[in-house]
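What you see is a predicted model; the values in this text were computed from it and never measured.
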Amino acid sequence: VFRVGSTRVGVAMCWELARKRTDRRLRENRVDLILGASGWYGLEAKSAVEAIGGTEDGWRKSFKQGRLDVVDAPARLAKMTGAAVIHANLVGENWSPRFPSGLKRICRQFYGESQIVERQGKVINNLPSNAGEGIVVGDITPSRTNPVMPIGEGDWHIQMTPALRKFWYDSLGRDYYIKVTRPHRGLVAR
């Protein structure tokens, strides 16, 4: 949370938009505006089975539910905090090291949306991931209002399916970060 003039701005990155601890922190700090960015993606079901296990049908269902949840995440965050949300989401396809081993390259398809959401959860403008690159423009009021949705109990305000939990939240994500991502942290683009 930081100030820009008299506006209290909160920041939420990727899965923080679906995490209740983030919702509580932003609401308790009485933010007026939330800036968010995400890179939510899915894999082809066959690739997910090869990389992590499970069944193709299970992964198709999990990614379908995941897409519904992440598209609605910025609006839910606005409803739970009473603050407007500006959310940028990656689009298109991304070739990167296979999760969790990092050995073989795999294609991921981003499926969230860039959105501008007013304080009570109404989406003012959006750009779906399948629309390609673009700019989202809209008018919002950067001031806090009373939240219209309770945060509730638990850790997540999305359906954390067993496949998503294994993919992101359990040790696979930590192990992938340590083995594949962390070694690149010191690199500087030239």
Side-chain angles (χ1 to χ4, degrees), residues 1-43 59-92 94 108-165 167-169 173:
V1 176
F2 57 95
R3 285 194 178 272
V4 177
S6 62
T7 304
R8 293 179 61 82
V9 180
V11 177
M13 302 301 292
C14 208
W15 281 98
E16 288 183 318
L17 275 81
R19 190 177 72 143
K20 291 182 179 182
R21 279 182 47 194
T22 303
D23 304 337
R24 289 184 192 97
R25 176 179 50 87
L26 295 171
R27 188 170 70 185
E28 288 166 5
N29 280 285
R30 304 185 54 80
V31 298
D32 302 308
L33 175 67
I34 299 168
L35 301 178
S38 302
W40 289 312
Y41 65 86
L43 302 173
W59 281 106
R60 275 191 287 278
K61 288 177 183 174
S62 184
F63 285 131
K64 181 179 179 182
Q65 181 62 49
R67 184 184 190 294
L68 295 173
D69 285 337
V70 300
V71 165
D72 193 43
R76 262 193 322 274
L77 182 59
K79 290 175 187 176
M80 292 182 192
T81 61
V85 176
I86 299 172
H87 177 252
N89 195 82
L90 294 173
V91 298
N94 170 262
R108 296 173 170 101
Q109 177 65 49
F110 292 105
Y111 60 40
E113 287 188 355
S114 294
Q115 297 178 359
I116 298 173
V117 183
E118 61 87 21
R119 300 172 292 174
Q120 294 185 328
K122 179 182 176 192
V123 177
I124 303 298
N125 202 352
N126 70 311
L127 183 67
S129 60
N130 63 0
E133 294 181 14
I135 297 173
V136 180
V137 178
D139 292 326
I140 54 170
T141 304
S143 65
R144 190 178 181 287
T145 189
N146 288 327
V148 296
M149 178 185 279
I151 293 174
E153 299 299 317
D155 297 322
W156 302 96
H157 57 75
I158 63 169
Q159 180 183 338
M160 187 58 75
T161 64
L164 284 174
R165 178 172 287 282
F167 193 64
W168 287 114
Y169 191 61

Next on the checklist: Test your reading of the model: is there a side-chain donor-acceptor pair from Arg8 to the backbone of Asn29, 3.5 Å cut-off?
Outcome noted: yes
Checklist outcome for this item: Here the gap from Arg24 atom CZ to Ile151 atom CD1, rounded to the nearest 0.5 Å, amounts to 5.5 Å
Could you list the donor-acceptor pairs under 3.5 angstrom formed by side chains in residues 116-128, with sequence neighbours left out?
from	atom 1	to	atom 2	distance (Å)
Glu118	OE1	Gln120	N	2.9
Glu118	OE2	Gln120	N	3.3
Glu118	OE2	Gly121	N	3.4
Glu118	OE2	Lys122	N	3.0
Arg119	NH1	Ser143	O	3.4
Arg119	NH1	Ser143	OG	3.0
Asn125	ND2	Val137	O	2.8
Asn126	ND2	Glu113	OE1	3.0
Asn126	ND2	Glu113	OE2	3.4

Item to check | Backbone N/O of Asp23 and side chain of Glu28: donor-acceptor pair under 3.5 Å | outcome: no
Next on the checklist: Run Val71 and Tyr111 through side chain to side chain contact (heavy atoms under 4.5 Å, CB included) and show every step you take.
Outcome noted: CA-CA 8 Å; Val71 165; Tyr111 60 40; over 6 Å; no
Checklist entry - If you round to the nearest 0.5 Å, how far is CG of Leu17 from CG of Asp72? => result 11.5 Å
Checklist entry - So Ile86 and Ile140, side chain to side chain contact (heavy atoms under 4.5 Å, CB included) or not? Walk me through it. => result CA-CA 9 Å; Ile86 299 172; Ile140 54 170; 3.9 Å; yes
Checklist entry - How many angstroms lie between atom OG1 of Thr81 and atom CZ of Arg76, to the nearest 0.5 angstrom? => result 12.5 Å
Item to check | Contact check, side chains of Leu77 and Ile34, non-hydrogen atoms, under 4.5 Å | outcome: yes
Checklist entry - Is the shortest heavy-atom distance from the side chain of Met80 to the side chain of Pro147 under 4.5 Å? => result no
Item to check | Arg30 CZ to Arg144 CZ distance, which is reported to the nearest 0.5 Å | outcome: 4.5 Å
Checklist entry - Would His157 and Trp15 count as a close aromatic pair, with their ring centres under 6.0 Å? => result no
Checklist entry - If you measure from SG on Cys14 to CZ on Arg19, what distance do you get to the nearest 0.5 Å? => result 12.0 Å
Next on the checklist: Is there a side-chain hydrogen bond (donor to acceptor under 3.5 Å, both in side chains) between His87 and Ser38? Walk through the geometry before answering.
Outcome noted: CA-CA 8 Å; His87 177 252; Ser38 302; 2.8 Å; yes
Checklist entry - Going from CG on Asp69 to CH2 on Trp156, what distance comes out if it is rounded to the nearest 0.5 angstrom? => result 11.5 Å
Item to check | Heavy-atom closest contact (Leu90 atom, Phe110 atom, distance) | outcome: O-CB, 3.3 Å
Next on the checklist: Tell me the closest heavy-atom pair linking Val31 and Ala83, and the distance in Å.
Outcome noted: O-CB, 3.5 Å
Item to check | Full working for side chain to side chain contact (heavy atoms under 4.5 Å, CB included) between Leu26 and Val1 | outcome: CA-CA 8 Å; Leu26 295 171; Val1 176; 4.1 Å; yes
